[in-house]
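Counting from 1, the numbers follow the sequence of the chain as shown.
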Amino acid sequence: MFWWLLPAAAAAAGVAVWVALRRNGGSNGRRRPVAHADRLTALPEYQAALRRYRRWLVLAATALVLLLVSTAAAAARPVAMDTVRPEQHNRDIMLCLDASGSMSSADAAVVDVFAKLAREFDGERIGLTIFDSSAIQVFPLTDDYAYAQEQLQGARDAFDGKPGSSGFLDGTWSGRGSSLIGDGLASCLNSFPGAGKSQETTGGGTNSQRSRSVVLATDNFLSGKPIMTLDQAAGLARERSVHVYALNPADLDYGSGSDQSGAQLRVAAESTGGAYFALDSPDAVAGIVTGIEQTETTAVQGAPRAVFADVPGLPLAAALLSALALCAVLWRLQRVRLRSRTWLRRAAIVLLLLAALLRPHLPGGTVQAASADLNVFFVVDTTTSMVAEDYGNGRPRLEGVRKDIMAIAEQLPGARFSVITFDTTAHVRMPLSTDTLALETITDVLEPQVTAYAKGSSITAAKQVLAGRLAAARDSHPGRPRLVYYLGDGEQTSGKEPEPIKVDGGLVAGGAVLGYGTSGGGRMKENTGADDGGTAGGTAGTRGGGYVQDNRPGSTGDALSMIDEGRLQAIAGQLGVPYVHRVAGAPVADMMQQAHPGRVERPDDDGSLAAGTELYWILAAGAFLLALPEAVALVRQFRGLPPAGRKEERP
C-alpha cells in the first residue's frame with residue numbers, strides 16, 4: 001500500500017483551501033455598490049432562496065469531500081490479506097531396518113543406502129524405525145534432513161561398533177524371538193499419521209492424502225513366532241495404500257525357489273505396488289526413488305500462504321457515486337454550458353473513475369505473497385521440579401506446558417515443530433515436522449526424569465543441542481524464520497551458576513521464555529519409573545510414588561520447588577525474546593501477543609507471485625487532482641455568502 005500518498009493528498013487539499021481563502025483582488029475590483037440593496041435582501045423570498053442555495057452548496061461540499069477522500073484512498077492502493085493453502089505433491093517415507101543378528105554384517109551398508117535415499121528427496125518427510133524382536137522409532141517423519149542425516153550417522157557408528165554407540169539398539173530385544181519381520185513391518189506402518197485408517201476412510205484429511213511408502217531392509221530370515229506374518233503385514237500395507245520397497249542384502253543366499261525368503265519378500269513387496277531390490281544392486285537407490293516419485297498421484301495442501309492483493313473496489317465505487325452526485329448538484333447550481341472547460345474537467349473525473357473500476361493492468365507484474373512457514377523449537381524443562389503442584393488448582397507444572405505447546409501450535413498453522421527436552425542432559429524428542437499429531441503425542445507423554453537419577457541439573461543444559469538444531473535449520477532453509485519457546489521454572493539444582501545460552505546472531509527470530517510455578521512453591525511427586533497409572537504428571541501419568549523429601553540439613557518433610565523468574569528473565573535476554581509468566585486459565589492470545597513471535601507470515605523466496613501491474617491507482621490519483629479546482633471554487637462560494645439573516649450594508 002502506498003501510505004505516503006495519503007499525507008501528500010492531505011497536503012494538496014490544504015493548499016487548495018489556502019488558495020481559496022486568499023483575498024482575490026480582481027474579484028473585489030469587479031464588485032459594484034448597489035443602492036438600497038437591503039430592501040431586496042430583506043425580502044422573505046430572497047432569504048428563502050439564500051437558504052436553498054446554501055443547502056445545495058453543503059450537498060456539493062459533502063459530495064466533493066467524499067470524492068477527494070475516496071480517490072485518495074484508492075490511489076494509496078488498499079490491500080487485503082487472503083490466506084491460501086497451495087497444493088503440493090508430497091510423500092511420507094518410513095525407513096524400516098531389520099537390526100537382527102543375521103543382518104549385522106549388512107546393516108552398515110543398508111544405512112549408507114538409506115543416507116543416499118535421504119539425500120535424493122526434497123520436501124518429503126522421512127522417518128526411521130528399527131526392529132528385531134521389538135521395534136523402536138529412531139525418529140518420526142520429518143523433513144529436517146540435517147537431523148535425519150545425524151541420526152543415520154549414529155546408526156552407522158552403532159553398526160560399525162564405534163565405542164559409546166551400542167545404546168542405539170536398546171529396546172529392540174524386548175520381545176521373544178528374533179528378526180520378527182512381519183511385526184517389524186507392521187510397526188513401521190503404524191508410524192504413519194492416521195495409521196489405523198485407510199486412505200479411503202480417513203475423510204480426505206491432509207495426512208491421509210500423502211503418498212506413503214516404506215523402504216524395508218531385511219533378509220526375511222525369521223527366527224521366532226511373530227504376531228503378524230510378512231504376508232499379513234503386506235496385506236495391511238495394501239489396505240492402507242502404503243507401497244513397500246524391499247532391500248535384501250541376502251538376495252540369493254537361501255536359493256531362488258519360490259519358497260525361499262528372498263522370493264517371498266519380493267512377492268510381498270510387489271503385492272503392495274512397491275518393488276524388490278538386492279542391496280548391492282546399482283539400480284536400488286534410483287529404482288526406489290523413481291518408484292516413490294511415481295506414487296505422487298494426489299495433491300496435499302501446503303503451508304498456509306498470505307497473499308496481499310489490491311482491493312480498491314469500495315473506494316472507487318464511492319468515488320464514482322460521489323462524482324456523479326457532485327455533477328448533479330453543480331448542474332443545479334451553475335447554469336454553465338456543457339462544452340465549457342469546467343464541465344470538460346468534471347466529465348474527465350467521471351471517465352477516469354469509470355476506467356479505474358475496470359482495473360486496467362499491464363502483464364508481467366507481481367503481488368506480494370507470504371507464508372506461515374516457520375521453524376518452531378520447544379525447549380522443555382523435564383526435571384523433577386516441573387511436576388511441582390502449583391499450577392492452577394494443585395496441578396503439576398507440566399500440565400501447563402502441555403496445554404501451552406498445543407495452543408502455540410494452533411496459533412502457528414503450517415509451521416514445523418521440534419521438541420527438545422532437558423534434565424541432566426538434553427535430547428531431541430521430535431525433529432522438525434509439520435505433523436501436529438506427532439507433536440501432540442510427544443507432548444502427552446512428557447514426564448520428568450526418574451527421581452532416583454536426578455542428581456542436579458542446569459536450566460541451560462539444552463544450550464548446545466538447541467544451538468546445533470538452530471544452525472542446522474538455518475543452513476537447510478535460510479529464509480525460514482526460527483522461533484524458540486523455552487518452557488520451564490528456572491530452578492537451578494546443579495550447585496553452580498548456569499552457563500549462558502549462546503546462539504549466533506539472527507538464529508532466533510522470535511518466541512518467548514514461558515515460566516511456570518509460584519513463589520510459594522509446590523510439592524513434587526516422585527517418578528519411580530514404574531508405571532502405576534498415576535496422574536501426577538498429567539495425561540500420561542508419572543509412574544510416581546510419594547512426594548520428594550527435603551534432604552537439606554536441618555530440614556524435614558516434603559520438598560518445595562519455587563519458580564526463579566530472575567533466571568528465566570536472564571535466559572529470555574540471552575535468546576532475545578520476552579519473558580511471560582504463565583498461570584492456569586491465562587488467555588492464549590495474551591500470551592502470544594506478549595511473546596512477539598515475529599511475523600507469522602514471512603515473504604516467500606521471491607516475495608511475490610505473478611500478477612498484472614495495476615494501473616487503477618494512477619487514474620484515481622488523476623481524478624483527485626482534477627477535483628481540487630472544484631474544492632477551490634466551492635470554498636470561495638461559501639466565503640462569499642452572507643451570514644444567515646444578515647442584511648446588505650448601504651454603500
Side-chain angles (χ1 to χ4, degrees), residues 91-100 102-122 124-132 135 138 145 148-149 152 155-156 159 179-182 184-189 191-192 211-222 229-231 233-238 240-297:
R91 314 171 189 87
D92 285 342
I93 304 156
M94 181 57 63
L95 307 177
C96 192
L97 174 59
D98 180 355
S100 63
S102 63
M103 289 283 293
S104 59
S105 62
D107 276 336
V110 170
V111 171
D112 287 341
V113 174
F114 281 177
K116 291 178 182 177
L117 285 171
R119 287 192 291 269
E120 292 290 330
F121 296 126
D122 182 17
E124 288 80 8
R125 297 190 304 183
I126 59 174
L128 174 62
T129 297
I130 61 176
F131 68 89
D132 188 356
V138 178
Y145 296 122
Q149 291 290 355
L152 289 171
R156 184 71 160 80
F159 293 128
S179 192
L180 305 183
I181 315 301
L185 177 56
S187 296
C188 294
L189 294 173
S191 298
F192 293 107
S211 166
R212 297 180 290 186
S213 303
V214 169
V215 181
L216 173 63
T218 180
D219 56 8
N220 197 27
F221 185 71
L222 181 64
T229 66
L230 177 61
D231 288 341
L236 185 64
R238 292 193 298 272
R240 299 180 181 179
S241 301
V242 179
H243 299 273
V244 177
Y245 297 86
L247 276 174
N248 189 354
D251 184 23
L252 299 176
D253 288 2
Y254 305 102
S256 58
S258 60
D259 60 339
Q260 297 302 315
S261 56
Q264 292 173 347
L265 182 60
R266 178 189 295 273
V267 170
E270 292 177 348
S271 70
T272 67
Y276 172 91
F277 299 92
L279 178 63
D280 57 0
S281 170
D283 299 326
V285 173
I288 292 173
V289 172
T290 300
I292 291 175
E293 288 178 345
Q294 290 175 349
T295 65
E296 190 179 79
T297 57

If you take all heavy atoms of [X] and [Y], which pair is closest and at what distance?
X	Y	value
S271	A234	OG-CB, 4.0 Å
D107	S100	OD2-O, 4.4 Å
V111	A155	CG2-CB, 4.0 Å
Q149	A118	NE2-CB, 3.6 Å
P249	M103	CG-SD, 3.5 Å

Is the backbone N or O of [Y] less than 3.5 Å from a side-chain atom of [X], with the two atoms forming a donor-acceptor pair by type?
X	Y	answer
R240	R212	no
H243	S213	no
S102	F221	no
T272	A269	yes

L185/L236 under side-chain contact (heavy atoms from CB on, under 4.5 Å): CA gap, chis, key distance, verdict: CA-CA 9 Å; L185 177 56; L236 185 64; over 6 Å; no
Any heavy-atom pair between the side chains of [Y] and [X] that's under 4.5 Å?
X	Y	value
F192	V214	yes
F159	L97	yes
F131	I181	yes
L222	L230	no

Hey, what do you get for [atom1] ([X]) to [atom2] ([Y]), rounding to the nearest 0.5 Å?
X	Y	atom1	atom2	value
L265	L247	CG	CG	9.0 Å
C188	L95	SG	CG	9.0 Å
C96	F114	SG	CZ	7.5 Å

Trace of the side-chain contact (heavy atoms from CB on, under 4.5 Å) decision for Y145 with I126: CA-CA 8 Å; Y145 296 122; I126 59 174; 4.0 Å; yes
Stepwise side chain to side chain donor-acceptor pair (under 3.5 Å) test for T229 and D231: CA-CA 5 Å; T229 66; D231 288 341; 5.4 Å; no
By side-chain hydrogen bond (donor to acceptor under 3.5 Å, both in side chains) - contacts of D112 (at least two apart):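 So D112 forms a side-chain hydrogen bond (donor to acceptor under 3.5 Å, both in side chains) with R156.
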Counterpart residues, side-chain hydrogen bond (donor to acceptor under 3.5 Å, both in side chains), relative to S187 (two or more places apart):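 side-chain hydrogen bond (donor to acceptor under 3.5 Å, both in side chains) list for S187, sorted by chain: empty.
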side-chain contact (heavy atoms from CB on, under 4.5 Å) between N220 and N248, intermediate numbers included: CA-CA 8 Å; N220 197 27; N248 189 354; 5.7 Å; no
By side-chain contact (heavy atoms from CB on, under 4.5 Å) - contacts of A286 (at least two apart):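 None.
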Side chains of T218 and D98, donor plus acceptor under 3.5 Å: yes
